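Please read the structure below before turning to the comments.
Values in this document were obtained by computation on a predicted structure and should not be read as measured data. In what follows, chains carry the letters A, B, and so on, assigned in the order in which the sequence lines appear, proteins first and then strands, with residues in each chain numbered from 1.
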There are 2 protein chains.
Amino acid sequence: MNVTLRQLRAFTGVYRTRSITRAARELGITQSAASLLIQQLESQLGVKLFDRSTRSVRPTLAADEAVHAAERMLGDALGLSRRMRDLAQARAGRVAFVASAGAASALLPLVLAKFRETHPAIEIDMRDVAADDLVPRLIATDAEFAIGSVEGEFADMTIETLTRGRLSAIGRRTADFAARRSLTWDELAQLPTIAMRRATRIRVQIDQALGAQGKHLSPTYEVTLINTALAMTAQGLGLAILPATMLPADQFPTLIAKPLVRPAITRPVSLLQRQGRTLSPAAQAFVATARAVLAERSG
Amino acid sequence: MNVTLRQLRAFTGVYRTRSITRAARELGITQSAASLLIQQLESQLGVKLFDRSTRSVRPTLAADEAVHAAERMLGDALGLSRRMRDLAQARAGRVAFVASAGAASALLPLVLAKFRETHPAIEIDMRDVAADDLVPRLIATDAEFAIGSVEGEFADMTIETLTRGRLSAIGRRTADFAARRSLTWDELAQLPTIAMRRATRIRVQIDQALGAQGKHLSPTYEVTLINTALAMTAQGLGLAILPATMLPADQFPTLIAKPLVRPAITRPVSLLQRQGRTLSPAAQAFVATARAVLAERSG
DNA sequence: ATCAATTCATAAGCTTCACCTATGAATGTC
DNA sequence: GACATTCATAGGTGAAGCTTATGAATTGAT
């Protein structure tokens with residue numbers, strides 16, 4: 001057999017209190033159990049740790065040396081338990097995840113703020129990447145999950161839709177525009193529009209969906225960055241064609257989104273996880289917050 | 001229950017090998033036992049440590065954190081065991097003891113040299129004190145034992161005679177002096193002599209022993225320090241009256257000692273230990289060496 | 001695609017060990 | 001000298017830990 005932490009606990013207790021009886025009381029065991037633990041440790045280590053008579057217990061020089069190592073080990077054990085408990089309760093730790101640029105700018109700030117309120121001590125490492133990089137980065141790095149829009153399936157990957165962004169027309173809050181419930185794509189064709197460039201994911205999806213209906217989008221302006229489209233819209237240059245989820249309300253308070261219909265086109269905002277990997281408690285808490293916040297927003 | 005070192009050993013093994021089966025083999029237990037140890041530790045700490053399928057075992061982030069603390073504790077345990085074993089085998093450690101000035105200068109250098117040969121790594125702390133301080137210092141300090149001449153008994157103190165020093169006349173190695181086997185006190189009275197001052201232990205004993213026989217010592221010189229007496233003798237001022245054990249042969253190569261008889265007076269050189277205190281293994285080894293060396297010298 | 005092999009989890013049984021109660025021995029105290 | 005306190009030990013009991021046996025899942029080969 002080998003040295004046990006139990007023996008060391010008894011040892012440091014006896015060392016401190018100079019009494020087997022008192023140490024036993026502290027440990028919640030009987031005097032005889034403590035006596036045995038000390039004997040075991042002595043025989044284990046091959047040294048006498050205490051000179052004991054029936055009346056007194058005096059540590060030997062060996063005990064003086066050993067007590068430091070013993071206390072360090074017990075301290076480490078306690079620290080480990082505490083640290084793990086904090087991790088388990090998501091009161092400490094780190095969440096590393098990947099987010100597509102769109103989600104990161106428009107959707108996640110809300111989630112981050114909420115999460116910070118409930119879990120102030122958790123370190124957050126959000127890596128915002130281009131949509132195409134979402135899955136590769138999740139696979140190649142230590143990120144625990146990813147949030148963004150993906151299409152299709154991926155091997156060893158769980159995909160869960162958190163919310164859906166309806167393709168919308170985003171424009172200034174004019175009386176006319178605000179009064180509308182929705183716009184059709186045909187109506188939109190008569191108005192100046194700002195769309196994403198053809199190479200982007202969003203645009204590809206739009207073109208496909210419209211093409212299936214024999215329709216066609218001819219935007220007035222084509223841009224690469226979502227923010228550019230929104231800024232132009234705020235200037236009154238036209239209506240931006242984007243998922244409503246990508247409009248950060250606080251950043252562009254003058255803009256509002258109206259769903260585009262005939263056809264209605266939606267883009268999922270998904271949570272991606274690698275199969276067979278448990279999320280850290282901190283990550284689980286974050287995901288729970290994201291689900292709650294985004295579900296509320298959807299409803 | 002609490003975390004055990006056994007669990008931590010299993011944990012670090014599995015962490016390193018990424019396999020419960022391999023770790024179990026290393027630990028000399030069955031796979032199922034190792035599996036159980038990991039499960040116990042996980043439930044103990046409240047965190048999942050490995051994502052395991054039937055085919056693979058992957059550490060979680062919590063495991064990455066925990067492994068350092070675990071390895072440190074196991075390292076400490078090993079270090080502790082090793083250190084204690086070294087102490088037990090007197091291959092490491094420290095011996096602190098008190099020696100009377102006489103013993104320290106004349107007798108113990110031999111012992112120290114011998115001990116150094118067999119136990120090179122042991123640190124030695126020899127505290128040479130005046131004869132009267134021998135016991136008080138042994139009681140009041142962390143010294144493990146004392147070597148010197150004492151008379152009578154002391155409470156809680158074991159006294160063991162290691163060798164006896166015969167009171168001798170010490171003089172220069174002249175042809176005349178060297179030829180003698182011994183001198184009587186009466187013969188000595190005719191010669192110039194150097195003795196210790198009346199207040200000293202040695203002198204007290206001499207005066208008592210001679211007084212019992214109706215004799216009386218009238219030294220030519222009286223000094224306080226043994227070394228002074230020997231230096232004067234080396235100068236040819238007279239014969240020093242001292243225990244032969246107090247003549248360091250290497251320090252005064254020109255001097256030799258001849259026993260004084262009628263009466264023969266002996267002074268014990270004793271080993272003093274505090275009752276109920278085990279000597280450290282290093283101290284035991286030192287004492288053994290001292291016994292051996294001094295017995296040889298006596299015989 | 002099927003079969004063999006590997007790996008982890010679980011169940012059942014047994015051994016061992018750890019603790020408790022009871023008691024003895026020693027020592028300091030009134 | 002009687003009493004109280006403290007440590008050690010013995011015997012009994014229950015729990016904990018390990019092993020063997022088996023099942024389930026996955027990989028790799030035929």
Among pairs that include at least one residue of [range], which meet salt bridge (Lys or Arg N to Asp or Glu O under 4.0 Å), considering only residues two or more places apart or in two chains?
range	value
residues 22-32 of chain B	B:Arg16-B:Glu26
residues 42-55 of chain A	A:Glu42-A:Arg52, A:Lys48-A:Asp51
residues 82-93 of chain A	A:Arg83-B:Glu65, A:Asp86-A:Arg91

A:Ala283 meets the side-chain contact (heavy atoms from CB on, under 4.5 Å) criterion, sequence neighbours left out, with A:Val95, A:Glu144, A:Phe145, A:Leu279, A:Ser280

Residues at least two apart in sequence or cross-chain that pass side-chain contact (heavy atoms from CB on, under 4.5 Å) with A:Glu123, listed by chain then number, are A:Arg94

Protein proximity profile, nucleotides 22-30 of chain D - base contact B, sugar-phosphate-only contact S, no contact -, cut-off 4.0 Å on heavy atoms: ---BBS---

Any side-chain N or O of [X] under 4.0 Å from OP1/OP2 of [N]?
X	N	result
B:Ser35	C:dA9	yes
A:Gln39	D:dT9	yes
B:Thr30	D:dC18	no

Could you work out, with salt bridge (charged side-chain N to carboxylate O under 4.0 Å, His left out) as the rule, every residue matching B:Arg72, not counting sequence neighbours? A:Asp76

Any residue of residues 8-24 of chain A with a heavy atom less than 4.0 Å from an atom of DNA chain D: A:Ser19, A:Ile20, A:Thr21

Is it the case that over 12 heavy atoms from other parts of the model lie below 6.0 angstrom from the CZ atom of A:Arg58? no

Considering only side-chain heavy atoms of B:Val57, which listed nucleotide, D:dT20, C:dC8, C:dA9, is closest? C:dC8

Ranking D:dC7, C:dA22, D:dC18 by distance to the side chain of A:Arg52, first place goes to D:dC7

Tell me, please, which residues at least two apart from A:Tyr15 pass ring pair (Phe, Tyr, Trp, His ring centres under 6.0 Å). none

With both pairing distances under 3.5 angstrom for Watson-Crick or G-U wobble, and | for a partner in another strand, the correct string for DNA chain D is ||||||||||||||||||||||||||||||

Just distance, no hydrogens or angles: give the donor-acceptor pairs under 3.5 Å from side chains in residues 286-295 of chain A, sequence neighbours left out.
residue: A:Thr289; atom: OG1; partner: A:Ala285; partner atom: O; Å: 3.0
residue: A:Arg291; atom: NH1; partner: A:Glu160; partner atom: OE1; Å: 2.6
residue: A:Arg291; atom: NH1; partner: A:Glu160; partner atom: OE2; Å: 2.7

List in chain and number order the residues that pass side-chain hydrogen bond (donor to acceptor under 3.5 Å, both in side chains) with A:Ser32, two or more places apart in sequence or in another chain; answer none if no residue qualifies. A:Thr30

